[in-house]
Amino acid sequence: MSKRPYQLGLRKAASEQTRQRILIAAHDLLAAPRGLSAFTIDAVAKQAGVARMTIYHQFGSKSGLLEALCDSLAVRGGIQQMGEVYRQADPLAALDKLIAIFGGFWESDRVVIRRLNSLGALDPELERVLRGRAARRRQHASALVGRLTETLGRPALESFHEAVAILHTLTGFETFDSLAGAKSSPLEIVPLVQRLARAALGLAE
């Protein structure tokens with residue numbers, strides 16, 4: 001039996017381990033007290049124990065690294081549960097589930113997510129990454145508002161785009177972070193955001 005497939009498998013496993021080590025280093029640097037000021041490719045390489053070029057080989061660019069970190073945070077934060085929103089028979093239950101999923105996501109790594117958003121305001125490449133993710137969240141909001149309108153007749157069809165904008169805003173990190181403040185967590189204020197969403201979309205009883 002040829003050793004080549006085995007050797008290729010070992011190299012692939014080693015490459016994946018290196019990739020994960022770099023992602024952990026990037027996360028830990030953003031989570032550290034110095035946060036944004038300490039975050040550079042050189043610092044990530046040193047933290048991960050790899051050469052600077054290894055990071056570029058694995059991720060292509062700084063923005064590629066940050067996009068991969070965003071993907072990692074999404075998995076850890078449970079965004080893959082989004083399918084459950086569309087499996088809800090009741091559109092109001094689907095609305096509550098959507099908000100709960102994002103509350104859990106923003107809760108999962110609040111400090112790092114906050115710093116990534118801050119970094120996005122300074123880094124055009126990261127800003128594009130974050131904007132793309134926000135666009136996907138808007139698509140979920142649009143699909144849900146469409147279902148509410150079709151099933152319940154509310155929000156009214158003529159206010160569809162306004163309703164999507166409201167739900168998109170309410171499910172954003174800034175909303176959860178601001179409402180939670182220093183004494184609560186994003187997950188704890190999920191019921192509040194659910195009530196706000198129903199009121200703002202004209203769904204409150």
Side-chain angles (χ1 to χ4, degrees), residues 15-16 18-82 98-99 101-145 160-182 185-186 193:
S15 177
E16 181 58 29
T18 299
R19 182 181 179 86
Q20 291 305 313
R21 198 161 71 247
I22 293 169
L23 287 172
I24 290 169
H27 171 277
D28 290 350
L29 280 170
L30 281 173
R34 290 181 59 202
L36 297 179
S37 63
F39 190 85
T40 64
I41 290 294
D42 286 335
V44 173
K46 182 178 180 180
Q47 179 93 351
V50 300
R52 175 188 175 92
M53 288 309 300
T54 301
I55 295 178
Y56 288 107
H57 175 72
Q58 286 280 350
F59 301 98
S61 63
K62 181 180 178 181
S63 63
L65 168 61
L66 290 169
E67 183 161 15
L69 179 58
C70 288
D71 289 340
S72 176
L73 290 171
V75 171
R76 289 169 54 189
I79 286 296
Q80 67 273 18
Q81 300 174 62
M82 196 59 69
L98 178 78
I99 293 168
I101 287 172
F102 279 109
F105 176 40
W106 304 136
E107 163 85 0
S108 66
D109 220 321
R110 188 177 179 185
V111 171
V112 170
I113 292 170
R114 183 187 294 140
R115 288 176 176 170
L116 278 169
N117 285 340
S118 297
L119 191 58
L122 304 172
D123 186 323
E125 290 184 73
L126 177 58
E127 194 273 335
R128 283 194 292 273
V129 170
L130 296 177
R131 192 168 62 238
R133 278 160 169 70
R136 289 201 287 273
R137 183 161 51 80
R138 183 179 286 273
Q139 288 172 353
H140 290 302
S142 179
L144 188 49
V145 170
F160 176 83
H161 294 295
E162 179 181 279
V164 171
I166 289 171
L167 185 54
H168 180 254
T169 298
L170 287 174
T171 54
F173 174 76
E174 292 80 3
T175 298
F176 277 86
D177 195 42
S178 177
L179 288 172
S185 71
V193 178

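Bear in mind that the values here come from a model prediction, so they are computed numbers and not experimental data.
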Residue pair Val129 / Leu66, side-chain heavy-atom distance below 4.5 Å:
no
Where Phe59 and Leu65 come nearest, the two heavy atoms and their spacing:
CB-N, 3.6 Å
Would you give the length of the straight line joining atom CD of Glu107 to atom CZ of Phe176, rounded to the nearest 0.5 angstrom?
10.5 Å
For residues 44-59, which residue pairs pass the salt bridge (charged side-chain N to carboxylate O under 4.0 Å, His left out) check, not counting sequence neighbours?
Asp42-Arg52
List for me each residue that meets ring pair (Phe, Tyr, Trp, His ring centres under 6.0 Å) alongside His168, sequence neighbours excluded, and say none if there are none.
none
Contacts of type side-chain hydrogen bond (donor to acceptor under 3.5 Å, both in side chains), residue Arg19, not counting sequence neighbours
none
With rounding to the nearest 0.5 angstrom, report the CZ to CE distance, Phe105 to Met82.
9.0 Å
Identify each donor-acceptor pair in which a side-chain atom of residues 70-79 lies under 3.5 Å from a protein atom, sequence neighbours left out, and give them as a table.
residue : atom : partner : partner atom : Å
Asp71   : OD1  : Arg133  : NH2          : 2.1
Arg76   : NH2  : Asp109  : OD2          : 3.3

Inter-residue atom distance Ile101.CD1 - Trp106.CH2, 0.5 Å rounding:
12.5 Å
About how many Å separate OG of Ser178 and CZ of Phe173, when rounded to the nearest 0.5 Å?
10.5 Å
Hey, are the side chains of Phe160 and Ser142 touching, using non-hydrogen atoms and a 4.5 Å cut-off?
yes
What are the two closest non-hydrogen atoms of Ala180 and Arg110, and how far apart are they?
CB-NH2, 3.7 Å
Across all chains, not counting sequence neighbours, the side-chain hydrogen bond (donor to acceptor under 3.5 Å, both in side chains) partners of Glu125 are Ser63
Under the side-chain contact (heavy atoms from CB on, under 4.5 Å) test, which residues partner Thr175, sequence neighbours left out?
Thr169, Leu170, Leu179
Per-pair distances, 0.1 Å, donor-acceptor, side chain in residues 113-122, under 3.5 Å, sequence neighbours excluded:
residue : atom : partner : partner atom : Å
Arg114  : NE   : Asp177  : OD2          : 3.1
Arg114  : NH2  : Asp177  : OD1          : 2.8
Arg115  : NH1  : Leu30   : O            : 2.6
Arg115  : NH1  : Ala31   : O            : 3.3
Arg115  : NH1  : Ala32   : O            : 2.5
Ser118  : OG   : Arg114  : O            : 3.1

Applied to residues 111-143, the ring-ring contact (aromatic ring centres under 6.0 Å, His included) test, sequence neighbours excluded, yields Tyr86-His140
By side-chain contact (heavy atoms from CB on, under 4.5 Å), Gln20 pairs with (sequence neighbours left out) Glu16, Leu23
Holding to side-chain hydrogen bond (donor to acceptor under 3.5 Å, both in side chains), I want the full list of residues that pass it with Gln58, two or more places apart in sequence or in another chain.
Ser15
Shortest non-hydrogen contact from Gly103 to Pro186?
O-CB, 3.7 Å
Sequence-distant partners of Glu127, salt bridge (charged side-chain N to carboxylate O under 4.0 Å, His left out), two or more places apart:
Arg131
Using the test ring pair (Phe, Tyr, Trp, His ring centres under 6.0 Å), find all partners of Phe39 that sit at least two apart in sequence or belong to another chain.
none
Could you pull out the closest heavy-atom pair between Ala141 and Val164, with the gap in Å?
CB-O, 4.1 Å
